[in-house]
Amino acid sequence: MPSDKTISEKIFSEKSGIDANAGDIVIAKIDQIALQDGTAPLAIKQVKELNIEIKAAKLTHFFVDHAAPSPRKELSNDQKMIKDFAESVGADFSPPGEGIIHQLMVEKFVNPGELVVGADSHTCTYGGLGAFATGMGSTDIAVAVVLGKNWFRVPESFKINVEGTFPEGVYPKDLILSIIGKLGVDGATYKALEFDGGAIKTMHIDGRLTMANMAIECGAKAGLFMSDKVTRNYLIERGREDRFRELKGDENAEYEKTLEFEAGDLEPMVAKPHNVDNISPVTQVEGTTVEQVFIGTCTNGRLSDLEVASRLLKGNRVKTRLIVAPASREIYLDALDAGYLKTIVEAGGLITPPGCACCVGIHMGVLADGEACISTANRNFKGRMGNPDAEIYLASPATAAVSAIKGRISDPREFL
Amino acid sequence: MGKSWKFGDDIDTDVIIQGKYLVINEPEELAKHVFENLRPEFAAGVKEGDFVVAGENFGCGSSREHAPIALKASGIEAVIAKSYARIFFRNAINIGLRLVECEEVDSIQDGDELKADYENGVIINKTQDRTYGIKKFPDFLSKIIEKGGLVEFGKELYSQC
């Protein structure tokens with residue numbers, strides 16, 4: 001009789017056909033595969049190197065989002081090659097302007113209980129829907145594309161239990177930054193985070209995706225949420241109700257560690273340069289001058305993020321450059337309809353095409369020497385936004401928006 | 001035998017190879033930009049058989065396989081670190097960059113002359129006349145390493161399914 005299981009153990013048992021427990025190495029069947037323009041060329045090269053029949057083309061989705069639209073002929077050539085390859089094998093292809101890989105995978109393809117791999121470290125985002133999703137390198141992804149399978153070590157799990165309700169001005173981003181601050185950038189290496197508790201059960205899908213997205217920033221292999229009525233409602237909205245299934249960790253499943261958080265005790269947080277675990281309450285860095293504010297990315301470029309930002313910006317004029325990137329075409333359209341983008345542009349912001357925009361520093365929004373940016377992204381590594389002599393602070397869309405108004409890092413609670 | 005290039009903890013893949021070079025897929029070209037911001041002298045100064053020595057969580061961050069590819073093409077014999085980030089670890093094994101897990105890297109200094117003896121599971125520090133034990137990988141991983149990476153292993157897996 002199999003014992004009580006974590007979400008990870010349940011999914012790997014199903015996908016490998018054996019009773020899988022933490023620590024086991026299994027060969028598992030993969031449900032979906034995602035690749036982006038930065039890492040796909042190498043994966044395609046390795047697929048060709050493998051030189052065997054491609055079994056999982058129909059499960060494979062290519063996205064152009066990292067440099068969309070392309071700023072250089074070399075990238076244009078890569079993007080053309082990706083498109084040609086996708087078409088030649090019958091895989092799905094998403095051109096520039098559709099949006100970020102992780103937002104589109106969630107909007108269109110991923111379902112609870114699935115095993116998904118992506119050639120991008122933030123593939124863990126889909127844990128927000130109760131899928132075991134993890135980032136891999138190009139060779140691993142090539143093997144997945146060809147075989148529809150790969151090998152996995154079933155991770156041990158940490159339970160992150162969050163009770164209570166969020167104070168005004170405090171968001172899931174502040175919670176995940178607090179969690180990473182506590183665990184450290186390698187505190188959960190090889191592990192899966194499993195979120196639970198009252199504050200998690202009532203959290204909307206956008207918030208769950210923000211938190212799952214950043215699981216990798218403490219080294220985790222996946223960040224998993226239960227699949228529950230919130231998930232079901234989201235799938236109904238997306239026309240995939242038939243793909244809903246309930247999923248949660250068993251009561252007596254084995255967790256290597258349990259961390260307790262009280263949402264009511266949280267405050268707005270920032271990650272200071274140059275590591276994501278360099279966390280402090282916004283009150284400690286209040287007043288720090290910033291020249292650029294960036295709201296967007298697979299972490300915080302969703303409709304609810306743009307709503308918060310536009311609400312705070314309304315009637316104000318920004319003192320910094322403000323760059324806003326909707327995470328997908330659909331979010332762009334919804335934010336247009338709702339008037340959020342008009343408010344942002346009136347406040348002095350600029351809107352980029354849906355995509356990764358300035359997050360990876362390869363095609364726009366590169367900082368000058370000595371400049372600082374407060375960003376809603378997930379990484380503040382030295383040079384991440386294209387200039388090693390610039391500084392990046394990470395925060396919620398609310399903190400980012402009010403910092404744009406003030407021209408220095410500010411506490412959103414003062415604006416509520 | 002080669003020289004040690006010493007780094008700290010949490011060396012991320014953006015530091016190993018910047019995002020702007022992801023457009024490059026030729027290993028030798030990538031190797032020209034390894035550690036460009038952190039140690040600009042590395043790419044030109046590194047010699048065949050040298051070692052990159054680092055602390056905890058080497059290779060954290062982006063899943064870019066360009067990072068281990070660039071390191072391998074730089075000519076280093078191996079990375080020696082206390083621990084590795086998960087995706088980098090898999091990527092390195094998959095493309096055949098040798099990784100060594102060693103608890104005692106703190107005592108290795110930048111520029112020390114090192115020699116690896118994998119058969120006996122030790123790193124020899126000629127400069128300090130010391131040897132360090134290295135951690136053994138699980139058998140499953142050793143099999144992939146023996147095959148020379150995941151591509152060959154994948155072909156074998158294919159024949160079984």
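Letters A, B, ... mirror the listed sequences (proteins, then strands); counts begin at 1.
The ring-ring contact (aromatic ring centres under 6.0 Å, His included) test applied to A:H66 returns no partner, not counting sequence neighbours.
For the side-chain hydrogen bond (donor to acceptor under 3.5 Å, both in side chains) test with B:R86, the passing option among A:T189, A:T134, A:D186 is A:T134; the others fail.
Both the backbone and the side chain of B:L150 have a heavy atom closer than 4.5 Å to some heavy atom of chain A. B:I69 touches chain A through its side chain: at least one heavy atom from C-beta onward sits under 4.5 Å away, while N, CA, C and O do not. Contact of B:F89 with chain A is made through the side chain alone, with heavy-atom distances under 4.5 Å. At a 4.5 Å heavy-atom cutoff, the contact between B:L141 and chain A is made by side-chain atoms alone. In this structure, the portion of B:I144 lying under 4.5 Å from any heavy atom of chain A is its side chain and not its backbone.
The choice from A:E217, A:K221, A:K382, A:Q46 that makes the most heavy-atom pairs within less than 4.5 Å of chain B is A:K221. With chain A as partner, the option from B:T13, B:V15, B:D12 having the largest number of non-hydrogen pairs under 4.5 angstrom is B:D12. When B:G61, B:S83, B:P138 are compared by the number of non-hydrogen pairs under 4.5 Å with chain A, B:G61 comes out ahead. For the set A:H122, A:R153, A:K45, A:E49, the count of heavy-atom pairs under 4.5 angstrom toward chain B peaks at A:E49. If you tally non-hydrogen atom pairs under 4.5 Å between each of A:T39, A:V143, A:L50 and chain B, the highest count goes to A:L50.
Taking both residues in full, the closest heavy atoms of A:L147 and B:G154 are given as CD1-O, 3.9 Å, listed atom of the first, atom of the second, then distance. Counting all heavy atoms, side chain and backbone alike, A:M136 lies closest to B:N91 at C-OD1, 4.3 Å. Looking at every heavy atom in both residues, A:S121 comes nearest to B:S63 through N-OG, 3.4 Å.
Within the 4.5 Å cutoff, no side-chain heavy atoms of B:D14 are placed close to those of A:H274.
With values rounded to the nearest 0.5 angstrom, A:N387 atom CG is found 8.5 Å from B:N37 atom CG.
Residues of residues 358-371 of chain A lying under 4.5 angstrom from chain B, judged on non-hydrogen atoms, are A:I362 by number.
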